[in-house]
Amino acid sequence: MKSLKRTKDITPILGASFNITINNQQVRAAAGETLLSVLLATDHKRIMNNDHHRHCGAYCGMGVCHCCQVKVNDQFKQRACQTLVQPNMTVETLSNRFCEEGIK
Amino acid sequence: MTTPHPVVIVGAGPSGTAAAAQLGKLGINSVVVEEASKIGGVIYRGPLRDSDDLPHLDDNLKRAMDALRTRYSAQQHHIEFLTQTRVLGPEGQNKLLLNKENTLSSIEYQELILATGCHERSVPFPGWQLPGVMLLGGVQLQIKSGLVKPGTRMALVGTGPLLPLVACQLHKAGVDVAGVYEASQFNKLAKEAIALLNKPKLTLSGLSMMAYLKKHDIPFYYGWGIVQAQGNETLQRMAVAPYNECWQANLKHTKTIDVDAIGVGYGFVSRSQLAMLLGAKHQYSQVCGYVPTLDQWQKSSLENTYIVGDANGLLGADAAIFEGQIAAIHIAQKRNKISPKEAEQLAGKVHRKLERIKRFRCGFDRFSARQFGLLELPKEDTVVCRCEQATRGQIDQAIEQGAKDITSLKMRTRIGMGDCQGKTCTSYAIDRLHHAGFIDNIGTVKPRFPLDPIPFTLLEDTHEAL
Ligand code: FES
């Protein structure tokens, strides 16, 4: 599996860390941080594909705008800015149930 | 004798934490419900992951974070702290429905303190949906709590004291700060000198931030603001222009700047969704949206519900701490832990400090008062409601066709009907209706239960279980 580089960290990753998978690429994530921070650290700015097929990025960063929703461990519509990383988490950006599966 | 129910506090920012600590000091137990994993709120949460040092944060901030934590830890035995827990809304009488990691539960309270804070006011402009355009507070959370730079070359636009502060933090974090654009004119700030002297220390720290920016050649423009964000898939460039007194952009003098992220901060609105859902009386304020009607003890129109901190107006962290303490003192008196006289004495001191902050703050509010020019930024096809992709053109048309209030605007355009429940588009819609001459009875987007999305299956499961 390819791995992603974190290029935007202000301080080095210390303490407990583990791997998570973003779009089939592995990346190191530190215990306690939000998924949005890992996405931004790896330069993922386009994050969500909304129900109107519009790509957006994190906007409020604090759970209010719902513009950072991604698929986490097979669950759609999880807010990256409100999700803390967990070991072996798998994440898909730009995923949308309506666009992928249609209305069931 | 049954032990009384604890006081439930929603939000562990400065006001909620201060309320819990003050209650503990007076011998009262509380339960604090918080969305995040740590106390402090957006302002004092601090880093979420381990770090040896925080080179980009100044000592004042670190001191304030430590002070809050110390106060909290001293009373920890009186406080139950529910982290990563969201309030979905009221459940029956004196109960709240909670969601933690997709498990529902409810909590009963005798008194409730809402310390839900505020969120940022969105100002739609062409391109504001491009990835890379973030609200200023979101940028700050990433550098303070995430320890991550949201961009390589950034600019800040908006108004108020947060602009220079975040600019300094970004620069210290290693971001190339291309410029800071304050919508109001400098002479307006000069007029507020007397009000600002109510808080000389804060005013001085503001000046030292300006000096820092100057020293590092970071341009700070008064009377300038955003016009447009541009880029293919993500932000690549932004256009700024001089604003006149009414914040109308002079497009003849537009300047484009290459940036890969922007922080946009044109002010805040109180987060009053839960208070509204509970039925507390609110009134509209031009500065901070719908705010609850409160008495001098922070008590709302509901007998046992107090509202503290930015959730009832935007006075910032210090005031939030005092308000949390005032509510706690009143609850202690109601529970006969202290006499009315003691309560008056304790609260008197706090009230006086609060007054000073209010005078200082009024100066800034006048300086940063939002002007109608911002309403002219979005073009006909600019989206105003991100969730439903409703455009300015659709809103204009609905108003032309007779919509005079938020509800009819919502029914015609779908604004406010998406996931965010109108938190992003309502401010624009209200300002737009006001500007069209409708002031009274325009209403607001009514908060809906559940306040935070949960899977349908979860409600089903719980009801079967009950
Ligand atoms: S960025 Fe707004 S909800 Fe996550």
Quick one: what part of B:I143 sits under 4.5 Å from any heavy atom of chain A, side chain, backbone, both or neither?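 Its backbone and side chain both get close to chain A.
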
Go through the atoms of B:L141 and report whether side chain, backbone, both or neither lie under 4.5 Å from a heavy atom of chain A.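 For B:L141, the side chain is the part near chain A, not the backbone.
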
Out of B:V264, B:V148, B:L48, B:V383, which one racks up the most heavy-atom pairs below 4.5 Å with chain A?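 Option with the greatest count: B:V148.
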
Kindly give the heavy-atom pair with the smallest separation between A:C65 and B:C420, and that separation in Å.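 Answer, listing the atom of A:C65 first, then B:C420: O-CB, 3.8 Å.
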
Using every non-hydrogen atom in the two residues, find where B:P131 and A:G57 come nearest and quote the distance to one decimal.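 In this case the closest contact between B:P131 and A:G57 is CG-N, 3.7 Å.
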
Count the heavy-atom pairs under 4.5 Å between each of A:L14, A:L36, A:L84 and chain B, then report the option with the highest count.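 Sorted descending by pairs with chain B, the first entry is A:L14.
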
Top residue by heavy-atom pair count (under 4.5 Å) with chain B, among A:I47, A:V38, A:I13?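 Top count of heavy-atom pairs under 4.5 Å with chain B: A:I13.
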
A:C81, part contacting chain B, at a heavy-atom distance under 4.5 Å: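 Looking at A:C81, nothing touches chain B.
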
Sequence neighbours excluded, which residues qualify as side-chain contact (heavy atoms from CB on, under 4.5 Å) partners of A:A16?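 Residues passing side-chain contact (heavy atoms from CB on, under 4.5 Å) with A:A16: A:A31.
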
Among all residues two or more places apart in sequence or in another chain, which pass the side-chain contact (heavy atoms from CB on, under 4.5 Å) test with B:A320?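 Here the qualifying residues are B:P14, B:S15.
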
Could you list each donor and acceptor atom pair linking chain B to chain A at less than 3.5 Å?
unit_1	atom_1	unit_2	atom_2	d
B:R49	NH1	A:T11	O	3.4
B:R49	NH1	A:T11	OG1	3.3
B:R49	NH1	A:P12	O	3.3
B:R49	NH2	A:D9	OD1	3.1
B:R49	NH2	A:T11	O	3.2
B:S51	OG	A:T11	OG1	3.1
B:R86	NH2	A:Q82	OE1	2.2
B:S122	OG	A:Y59	OH	2.8
B:L135	N	A:Y59	O	2.8
B:Q142	OE1	A:S37	OG	2.9
B:L147	O	A:I10	N	2.9
B:K149	N	A:K8	O	2.8
B:E233	OE1	A:R46	NH1	3.4
B:C387	O	A:H52	NE2	3.3
B:D419	OD2	A:Q69	NE2	3.2
B:D419	OD2	A:K77	NZ	2.8
B:D452	OD1	A:R79	NH1	3.4
B:D452	OD1	A:R79	NH2	3.1
B:D452	OD2	A:R79	NH2	2.8

